[in-house]
Amino acid sequence: MVAGDVPLERLHRLVEQAHQECYIANSLRCEVSVQPTFVRMPAYAFGDSGLAAERLALLAQVFDTPSRALITKGAPRVPPLALDLGCGPGHSTRMLAETSQARRTVGIDASVAHVEAARGVAPELEFVVHDLTRTPFPLENADVAYARWVLAHLPDPVGRARSWLTQLAPGGVLLLEETERIETTEPVLIRYLALAHDVVAARGASLEAGPLLAVFDPSPVGEVVRNDVREWPVALPTAAALFALNLRVWGSDPAMPLAADDVASLQAVLDGLAASDDRRVVTWHIRQMIMRSAM
Ligand SMILES: C[S@@+](CC[C@H](N)C(=O)[O-])C[C@H]1O[C@@H](n2cnc3c(N)ncnc32)[C@H](O)[C@@H]1O
């Protein structure tokens with residue numbers, strides 16, 4: 001199983017080297033032939049299908065209030081250019097545009113499908129396909145950049161945030177929202193969360209990027225203005241609906257440790273909880289950070 005953009009030739013070379021140095025292979029007297037099968041994992045586990053977009057629409061509704069509060073607190077008034085980094089199908093971009101009142105708002109995402117969907121969701125805004133692990137961005141330096149639940153999917157979130165700060169105009173702000181932890185007593189949801197963690201970790205990323213960012217010192221490229229954890233209670237059936245949509249997207253991911261039957265059982269239980277009138281809540285602890293560029 002291969003994560004990342006490794007050329008096939010290099011993979012074959014590494015397998016050959018491992019084989020040449022393998023103690024067991026070297027102790028055999030017979031001819032050994034190695035025929036590897038490489039399974040490539042898409043870099044972003046949560047996909048860009050219609051289902052993935054549906055989940056992001058629900059996510060946008062559920063977390064609208066705390067996200068707007070962060071943008072209101074952190075963004076300058078009527079900035080000339082606002083960027084939504086990892087915009088998905090455009091719900092967070094529209095929220096950023098409405099809340100900041102930016103003169104120009106541009107959503108950036110690596111997924112062509114999400115960017116096309118975003119152009120349908122918010123035709124008045126601009127969208128660009130670009131891999132956010134690469135700088136410079138194909139735009140002029142922004143006055144505000146906002147990223148919600150994107151660093152959770154990228155290896156080295158602190159390094160990424162640092163490089164994003166360099167893409168801002170002097171004094172520009174970077175607003176980040178990432179999960180610190182998700183608190184629930186429901187065993188099925190706890191099980192789901194452990195699987196989600198594993199699927200993302202197989203890409204070298206951390207679904208709970210909040211604790212990694214908590215200790216981030218961006219000097220000399222910037223400074224932290226605010227670093228808070230906001231608690232946001234979500235009705236358990238709504239949380240289960242989000243998780244059920246997710247599992248449909250990555251239930252057959254190469255990094256999924258469960259057998260297909262077990263995934264189907266978990267799916268059925270999540271669907272049941274989503275349709276229930278369970279009165280419990282699941283509490284998201286969301287790290288919200290405001291940083292200012294020093295460049
Ligand atoms: C969990 S979604 C969040 C979408 C949006 N920010 C929101 O809050 O609704 C993560 C988004 O990051 C995008 N993404 C992941 N890796 C990326 C990369 N390397 N460059 C650009 N976008 C990326 C995905 O395509 C997806 O749209």
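Both backbone and side-chain heavy atoms feed into the values below; hydrogens, waters and symmetry mates do not. Sequential numbering from 1 along the given sequence is applied to the chain's residues.
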Co-membership, hydrophobic cluster, residues Val115 and Ile108, 4.5 Å side-chain: no
Are Arg104 and Asp143 within salt-bridge range, i.e. N to O under 4.0 Å? no
What distance do Leu168 atom CG and Leu83 atom CG have between them, rounded to the nearest 0.5 Å? 7.5 Å
Applying side chain to side chain contact (heavy atoms under 4.5 Å, CB included) to Met95 and Arg148, what does each step give before you reach the verdict? CA-CA 11 Å; Met95 177 189 66; Arg148 182 171 70 175; 4.0 Å; yes
Please answer whether the main-chain N or O of Gly86 pairs with a side-chain N or O of Trp149 as donor and acceptor at a distance below 3.5 Å. no
Group every Ile, Leu, Val, Met, Phe, Trp and Tyr by side-chain heavy-atom contacts under 4.5 Å, then state whether Phe243 and Leu247 land in the same group. yes
Taking Val112's backbone N and O only, do any of them form a donor-acceptor pair with Asp48's side chain (distance below 3.5 Å, no angle check)? no
OG1 on Thr179 to CG on Leu151, rounded to 0.5 Å: 11.0 Å
Measure centre to centre between the rings of Trp250 and Tyr192, then say whether the value is under 6.0 Å. yes
Looking at side-chain heavy atoms only, is the closest gap between Val173 and Val225 below 4.5 Å? no
Under 3.5 Å: donor-acceptor pair, side chain of Gln267, backbone of Asp262: no
Donor-acceptor under 3.5 Å (Glu54 side chain, Leu245 main chain): no
Supply the atom-to-atom distance Arg248 CZ to Arg55 CZ, rounded to the nearest 0.5 angstrom. 13.5 Å
Please lay out, stage by stage, how Phe127 and Cys87 fare under the test side chain to side chain contact (heavy atoms under 4.5 Å, CB included). CA-CA 8 Å; Phe127 295 93; Cys87 62; 3.8 Å; yes
At what distance, to the nearest 0.5 angstrom, does CG of Asp277 lie from CZ of Arg279? 7.5 Å
Please check if the side chain of Asp109 supplies one atom and the backbone of Gly88 the other of a donor-acceptor pair under 3.5 Å. yes
dist Thr105:OG1 -> Asp84:CG (nearest 0.5 Å) comes out at 9.0 Å
Within the 4.5 Å heavy-atom criterion, are Tyr146 and Thr93 side-chain neighbours or not? no
Is a side-chain donor-acceptor pair under 3.5 Å present for Thr133 with Asp131? yes
Between Arg94 and Glu124, does any side-chain N to carboxylate O distance fall below 4.0 Å? yes
Is there a side-chain contact between Val188 and Leu270 in this structure, where contact means two heavy atoms from C-beta onward sitting under 4.5 Å apart? yes
Side-chain (Asn26) to main-chain (Gln20) donor-acceptor, under 3.5 angstrom: yes
Under the 3.5 angstrom rule, does the side chain of Ser163 hit a backbone N or O of Arg160 as a donor-acceptor pair? yes
Determine whether Val269 and Ile182 fall in the same hydrophobic cluster, where Ile, Leu, Val, Met, Phe, Trp and Tyr are linked whenever their side-chain heavy atoms lie under 4.5 Å apart. yes
Answer whether the closest heavy-atom distance between the side chains of Leu258 and Leu195 falls below 4.5 Å. yes
Give a yes or no on whether the backbone of Asp261 and the side-chain of Ser265 come within a donor-acceptor separation of less than 3.5 Å. yes
Answer with yes or no whether the hydrophobic clustering places Leu189 together with Leu266; edges join I, L, V, M, F, W, Y residues whose side-chain heavy atoms lie under 4.5 Å apart. yes
Any carboxylate oxygen within less than 4.0 angstrom of a Lys/Arg side-chain nitrogen, looking at Glu223 and Arg292? yes
What about Val121 and Ile71, same hydrophobic cluster or not, with Ile/Leu/Val/Met/Phe/Trp/Tyr joined at side-chain heavy-atom distances under 4.5 Å? no
Could you walk me through whether Asp253 and Arg203 pass salt bridge (charged side-chain N to carboxylate O under 4.0 Å, His left out), step by step? CA-CA 11 Å; Asp253 187 89; Arg203 275 101 176 150; 2.6 Å; yes
Check the angle between the aromatic planes of Phe63 and Trp284 and answer parallel, tilted or perpendicular using the 30° and 60° thresholds. perpendicular
Do the side chains of Arg287 and Glu177 get close enough for a salt bridge, i.e. N-O under 4.0 angstrom? no
Answer yes or no: is there a donor N or O on one side and an acceptor on the other, between the side chain of Thr135 and the main chain of Phe137, under 3.5 Å? no
Val128 side chain near Pro138 side chain, heavy-atom distance below 4.5 Å: yes
Are side-chain heavy atoms of Gln288 and Val229 found at a separation under 4.5 Å? no
Look up atom CG in Leu56 and atom OG in Ser92, then write down how far apart they are to the nearest 0.5 Å. 8.0 Å
Counting only N and O atoms by type, is there a donor-acceptor contact under 3.5 Å from the side chain of Thr72 to the main-chain atoms of Arg68? yes
Is there side-chain contact between Met289 and Arg226, with heavy atoms separated by less than 4.5 Å? no
Looking at Arg77, I want to see if its CZ is surrounded by more than 12 non-hydrogen atoms of other residues, nucleotides or ligands under 6.0 Å. yes
Any non-hydrogen side-chain atom of Glu178 less than 4.5 Å from a side-chain atom of Ile286? no
